[in-house]
Amino acid sequence: MIRPLFGAACAGMAALASQAEAQNVETGAELYQHYCATCHGIDATGHGPMAGVLVIQPTDLTQLTSEDGVFPTARVVARIDGRDPLVSHGSPMPVYGPYFDGQDTSMKTPDGQPILTSQPIVDLVAFLETLQ
């Protein structure tokens, strides 16, 4: 009887560990500073040093959550990974898109729908959720 309980406890701990690895906010913050702050600003309000030369001004990333308190996970993922392209500077956003290719993983929207995307995008989205 002890062995099945031990096995279940280990499985539960492994699931928690994989969830913790699934979204790394610290890595997302580093990605944001490296790839996004130039346009969206260090404070993510859309006032980065490149904002003035863009045809479409960068979004204030601190105001993404809707009035009902739901973060638009699917929309944010689609914008970052290019499924919903934004041509603000003559090429799709992000211009460094190939960095975010590969490393497929899944994440869930607030309503439980799975989205297949890359691990860097999962981390970046986790960081953006903390800004709301």
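If you're wondering where the values come from, they're calculated on a predicted model, not measured in any experiment.
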**Complete:** Between Met107 and Val125, the two heavy atoms sitting closest are CE-CG1, 3.8 Å
**Asked** Any donor and acceptor pair, going by atom type alone, linking the side chain of Ser106 with main-chain N or O of Leu116 inside 3.5 Å?
**Response** no
**Request:** Go through the structure and list residues passing side chain to side chain contact (heavy atoms under 4.5 Å, CB included) with Pro49, not counting sequence neighbours.
**Result:** none
**Message:** Tell me every residue that passes side chain to side chain contact (heavy atoms under 4.5 Å, CB included) with Asp60, counting only those two or more places apart in sequence or in another chain.
**Reply:** Thr45, Thr62, Gln63
**Request:** Could you list the residues that satisfy side chain to side chain contact (heavy atoms under 4.5 Å, CB included) with Glu67, not counting sequence neighbours?
**Result:** none
**Item:** Ile115 and Lys108, any side-chain heavy atoms less than 4.5 Å apart
**Value:** no
**Residue list, side chain to side chain donor-acceptor pair (under 3.5 Å) with Thr65, at least two apart or on another chain** = Gln132
**Complete:** Those residues at least two apart in sequence (or on a different chain) that pass side chain to side chain donor-acceptor pair (under 3.5 Å) with Asp101 are none
**Message:** Between His40 (side chain only) and His47 (backbone N and O only), is there a donor and an acceptor less than 3.5 Å apart?
**Reply:** no
**Prompt:** What's the shortest heavy-atom distance between Ile42 and Gln33, and which atoms?
**Reply:** O-NE2, 3.8 Å
**Asked** Considering all heavy atoms of both residues, which atom of Gly52 and which atom of Gln57 are nearest to each other, and what is their separation?
**Response** N-OE1, 4.5 Å
**Close side-chain approach of Glu30 and Asp123, heavy atoms under 4.5 Å** = no
**Asked** Can you pull the ring-ring contact (aromatic ring centres under 6.0 Å, His included) pairs that have at least one residue in residues 52-75, sequence neighbours excluded?
**Response** none
**Complete:** Sequence neighbours excluded, the answer for side chain to side chain donor-acceptor pair (under 3.5 Å) partners of Thr109 is Asp111
**Message:** So, using side chain to side chain contact (heavy atoms under 4.5 Å, CB included) as the criterion, who are the partners of Ser66 when residues are at least two apart?
**Reply:** Asp68, Val70
**Request:** Side-chain contact test, heavy atoms from C-beta onward, threshold under 4.5 Å: evaluate it for Leu31 versus Cys36 and give yes or no.
**Result:** no
**Item:** Contacts of type salt bridge (charged side-chain N to carboxylate O under 4.0 Å, His left out), residue Arg83, not counting sequence neighbours
**Value:** Asp81
**Request:** Over all heavy atoms of both residues, which pair between Cys39 and Pro58 is shortest? Give the atoms and the distance, please.
**Result:** O-CG, 3.2 Å
**Request:** Decide side chain to side chain contact (heavy atoms under 4.5 Å, CB included) for Val77 and Leu124; before the verdict, give the C-alpha distance in whole Å, the side-chain angles of both, and the deciding distance to 0.1 Å.
**Result:** CA-CA 9 Å; Val77 168; Leu124 186 55; over 6 Å; no
**Message:** Can you tell me how far apart CE (Met50) and OG1 (Thr38) are? Round to the nearest 0.5 Å.
**Reply:** 7.5 Å
**Request:** Taking the side chain as every heavy atom from C-beta outward, state whether Asp104 and Thr117 have any atom pair closer than 4.5 Å.
**Result:** no
**Complete:** Here the ring-ring contact (aromatic ring centres under 6.0 Å, His included) pairs for residues 104-132, sequence neighbours left out, are Tyr32-Phe127
**Request:** Answer whether the closest heavy-atom distance between the side chains of Leu64 and Thr73 falls below 4.5 Å.
**Result:** no
